[in-house]
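So the structure is just underneath, and the comments pick up after that.
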Amino acid sequence: AQEHDTSRRKVSDSHYVGNAAQVADHYNARPDVGVQNRELSPIIGLKKFNNWIKSVLVGLFTHRPRGGPGAKVLDIGCGKGGDLQKWKQARIQLYVGMDIAATSIDQARDRFNRLNRPGFDAFFFAHDCYSQSIKDALPGYLANKDMYDNVSMQFCMHYAFESASKARMMIENVSRYLRPGGKFIGTVPDSELLLDRLKAIPEDEDLRFGNGCYSVQFEERRHKGLYGHAYHFYLEDAVDDVPEYIVDWENFVSLASEYRLKLIYKKSFHEILQEEKDSRDFGPLLGKMGVINPEDGSSQMDGDQWEAANLYMAFAFEKS
Ligand code: SAM
């Protein structure tokens, strides 16, 4: 497989819209610690669990033709390329990674170059996928109608819900080159759960909840409509106080339907574990990926990490 380095372009500051500069700066500044140092992270159990969840999603929804060429995948908000190995396991033929954080894109490209026999081609682009069309960044040979079998957005879609125009551009980019029958998969904070926790905070108290490994700080108590309801999220050794936005789920599903995307799967991370922990495909992966100790089945996650894990849910849509 070859890697085509077509994008050394940085997203210039003048292109940033809304809070995008703050988000890009945060992710650009986070070091790529490598696999060995990652083991030292205080939330390594949670990181491994999140990776297992993403492997389940990739496994459940990647088209694997018998004997034919593998899937073509567009990973929007790909970060440092943490999912490259999962896509390798899914025996894809093409991977296109895009992210607003140019440093992360360089690290993702490096990570791809270090993969042992990836078996697929990969291309990487620094691009603000919530304010600009992806057609402005992709060369013609990566921007064909009905080209992609999968679009993936992991732990990143919620940043688009700052405004209606960003959410619309995001979903337009998702749908633009996805083929009919293709799957759009992702992971986002569960906004219903966040709003329930917010509601439960007594009057006169700080609009904040969390535990030793995460915190969520709201600015306003009132759910202020479909877009722009901000909260600040902190996750130990991962996210430092970045503004994120409530994804009003019903509104999102109806927005997606305007772009021919129909919801086929929605589950909390806890539900996914319950459903897949003993499955033939994904059960053994729990031990292999270090989520549990294969000897005695014990988890690397403590109670605080387990609570943080369930702030998220996973989804899949199918294009008609
Ligand atoms: N998907 C990766 C993963 O699962 O490891 C990275 C997740 S990280 C929590 C969120 C990513 O969303 C960051 O890399 C960030 O730069 C990216 N992001 C945020 N806003 C974006 C935008 N407007 N366009 C493209 N990527 C964006």
Side-chain angles (χ1 to χ4, degrees), residues 7 9-13 15-33 35 38 41 43 46-58 73-87 95-109 111-112 124-134 136-138 150-163 165-174 184-189 214 230 233-245 247 269 308-309 311-312 314:
S7 176
R9 188 168 63 82
K10 305 274 178 202
V11 179
S12 79
D13 288 349
H15 283 132
Y16 287 134
V17 177
N19 269 330
Q22 205 179 337
V23 174
D25 286 350
H26 170 266
Y27 284 105
N28 275 329
R30 284 212 63 79
D32 191 7
V33 295
V35 176
R38 205 177 75 108
S41 167
I43 57 155
L46 176 58
K47 287 184 175 175
K48 287 179 172 173
F49 179 61
N50 287 344
N51 273 321
W52 178 79
I53 293 279
K54 290 192 284 182
S55 294
V56 171
L57 266 190
V58 166
V73 175
L74 175 60
D75 190 354
I76 296 180
C78 66
K80 302 176 198 321
D83 294 341
L84 283 163
Q85 189 67 41
K86 301 174 191 71
W87 292 111
Y95 174 92
V96 175
M98 306 185 85
D99 198 287
I100 193 171
T103 308
S104 299
I105 281 292
D106 288 343
Q107 290 162 344
R109 188 184 290 113
R111 191 178 282 210
F112 175 73
F124 298 91
F125 300 92
H127 191 69
D128 180 348
C129 303
Y130 307 159
S131 300
Q132 291 165 306
S133 172
I134 56 171
D136 299 341
L138 296 175
N150 289 90
V151 175
S152 179
M153 291 196 75
Q154 304 301 336
F155 298 106
C156 60
M157 195 185 76
H158 42 298
Y159 296 109
F161 284 74
E162 184 179 1
S163 65
S165 59
K166 281 193 173 192
R168 211 164 256 286
M169 177 58 77
M170 178 277 295
I171 203 77
E172 192 177 309
N173 282 333
V174 166
F184 163 40
I185 57 174
T187 38
V188 274
Y214 82 92
F233 185 61
Y234 163 80
L235 178 63
E236 186 179 22
D237 194 39
V239 184
D240 302 308
D241 220 17
V242 183
E244 302 193 351
Y245 301 91
V247 178
F269 282 15
L311 294 175
Y312 290 89

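Owing to the predicted nature of the structure, the values given are computational and were not obtained by experimental measurement. All ligand and atom numbering here is 1-based and tracks the order in the structure.
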>> Would you say that Leu74 contacts Ile134 through its side chain, given a criterion of any heavy-atom pair below 4.5 Å between the two side chains?
In response: yes
> Shortest non-hydrogen contact from Phe233 to Tyr312?
Replying inline: CE2-OH, 3.4 Å
> Which residues pass the salt bridge (charged side-chain N to carboxylate O under 4.0 Å, His left out) test with Asp240, sequence neighbours left out?
Replying inline: Arg30
>> Restricting to ring pair (Phe, Tyr, Trp, His ring centres under 6.0 Å), what partner residues turn up for Tyr130, sequence neighbours left out?
In response: none
> Would you call the rings of Phe155 and Phe269 parallel, tilted or perpendicular, where under 30° means parallel and over 60° means perpendicular?
Replying inline: perpendicular
Are any protein N/O atoms closer than 3.5 Å to the N/O atoms of ligand 1? If there are, list each pair with names and the distance to one decimal place.
from     : atom 1 : to     : atom 2 : distance (Å)
ligand 1 : 1 (N)  : Gly77  : O      : 2.7
ligand 1 : 1 (N)  : Gln154 : O      : 2.8
ligand 1 : 4 (O)  : Lys54  : NZ     : 2.7
ligand 1 : 5 (O)  : Lys54  : NZ     : 3.4
ligand 1 : 14 (O) : Asp99  : OD1    : 3.4
ligand 1 : 14 (O) : Asp99  : OD2    : 2.7
ligand 1 : 16 (O) : Asp99  : OD1    : 2.6
ligand 1 : 23 (N) : Asp128 : OD1    : 2.7
ligand 1 : 24 (N) : Cys129 : N      : 3.0
ligand 1 : 26 (N) : Ile100 : N      : 3.2

> Residues in salt bridge (charged side-chain N to carboxylate O under 4.0 Å, His left out) with Asp83, at least two apart?
Replying inline: Lys54, Lys86
